[in-house]
Amino acid sequence: MTKPTIITALPQRRDTAPASDRKLTVVAGGAGFIGSHLCRALLGRGEAVLCLDNLQTARPSNLPGLQADPNFTFVRCDIANPLPPDVLALAPRIHRIYNLACAASPPLYQRDPEHTMLTNVVGTNHLLRLAESAGARFLLTSTSEVYGDPDIHPQAEDYRGNVNCTGPRACYDEGKRAAESLTFDYGRAGRAEVRVARIFNTYGPQMDPADGRVVSNLICQALRGDELTIYGDGSQTRSFCYVSDLVAGLLALMEAGFDGMEPVNLGNPGELTVNELLGHVIALAGEPRQVVHRPLPVDDPRRRRPDITRARELLGWEPLVPLSEGLAATYAWFEEEMRCAESGLGQGRS
Ligand code: UDP
């Protein structure tokens, strides 16, 4: 596991409050795909952000863009380890904690399943303890994977799921289920105010091209002129939410005026097959592409679609970005990334 290291000093403030009074929002996993979008949104709202990340799966270029903001502080640490004393010492100033720290792509979280499980269970407990000592509100990003390979469709929050606890996805699925249990136990005991989001498939700019997700894989393959990989026959379904919509949902959930003692699905109910997604990507490429079929990964869910009634009612939230628009923006972003890489500019846009 990564040794905790403080990378940057505390930032200069741009507001007039004395430094010692300024409230901090912690984003664990803030250098990752969704985390970095969340940090940017928080900074845009004038929040001071303390980002904790072990950089296990973060896209390296996410950080410099964020670090340009004086209200952003980065601490490299692994939440599965005890939190660094420098972070614990900031407790009196911390008022919100978002936990997005865990590899989320199946090939990546399965690379070190023990670490995935510990990140979700032990890491979440470390952050909950910090929330308790700080008197901060804590938001866990859980996942649609808690529903496993669902036999109820679409998935509402009261569905208890169909997870294989002995399979290769269990380190993530069961880790998140245990993290939810812990979070609600802290909430029930009055040890912290809690929120739990169940995030469905999310896509958008700043996805890591090496993440192995279907959206990033197909777009990068199309741009490179490689074969497009479809796992299984492509009839399995997913529902893809554009990242700005997801971040708006996380912010709304954190600030919502309810007791937080129920999970909330955040995702886009627009369901499509992987083959239909392939069609969209080929249309964006503008010319035919070779498709190659690979074996379906073990325990790959057959279908997935969120019921977002609860999010609509509690948060007044629903996704706004249509798939065609979001995919076009994501495709254009990857295209520009590749152009920068080829011209020697490398990664670094934010
Ligand atoms: N998938 C695919 N080709 C790829 C990567 C993934 O067909 O290059 C499939 C994968 O088997 C799954 C779906 O696309 O059925 C979504 O996979 P992803 O890893 O993006 O998300 P998750 O399985 O976690 O929902």
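Remember, it's a predicted structure, so these values are computed and weren't measured experimentally. Indexing begins at 1, ligand by ligand and atom by atom, following the structure's order.
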Taking the six-membered ring for Trp, is the centroid-to-centroid distance between Y242 and Y203 below 6.0 Å?
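Yes, the ring centres sit under 6.0 Å apart.
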Residues lining ligand 1 [heavy-atom distance under 4.0 Å, listed by chain and residue number]:
P106, E145, R169, N201, G212, R213, V214, N217, T229, I230, Y231, Q236, R238, V274, P297, D300, R304
Under a 3.5 Å cutoff, is there a donor and acceptor pairing between the side chains of D299 and N164?
yes
What verdict does the salt bridge (Lys or Arg N to Asp or Glu O under 4.0 Å) test give for R177 and E180, after you've listed the backbone C-alpha separation in whole Å, the side-chain angles of each residue and the deciding distance to 0.1 Å?
CA-CA 5 Å; R177 287 168 71 99; E180 286 198 16; over 6 Å; no
Is K176 reaching over with its side chain to a backbone N or O of T141, donor-acceptor style, under 3.5 angstrom?
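Confirmed, K176 side chain pairs with T141 backbone.
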For V196 and F184, which heavy atoms make the closest approach, and how far apart are they?
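Shortest heavy-atom contact: CG2-CZ, 3.5 Å.
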Is it true that E157 and R198 make a salt bridge, defined as a side-chain N closer than 4.0 Å to a carboxylate O?
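Salt bridge between E157 and R198, a charged N being under 4.0 Å from a carboxylate O: no.
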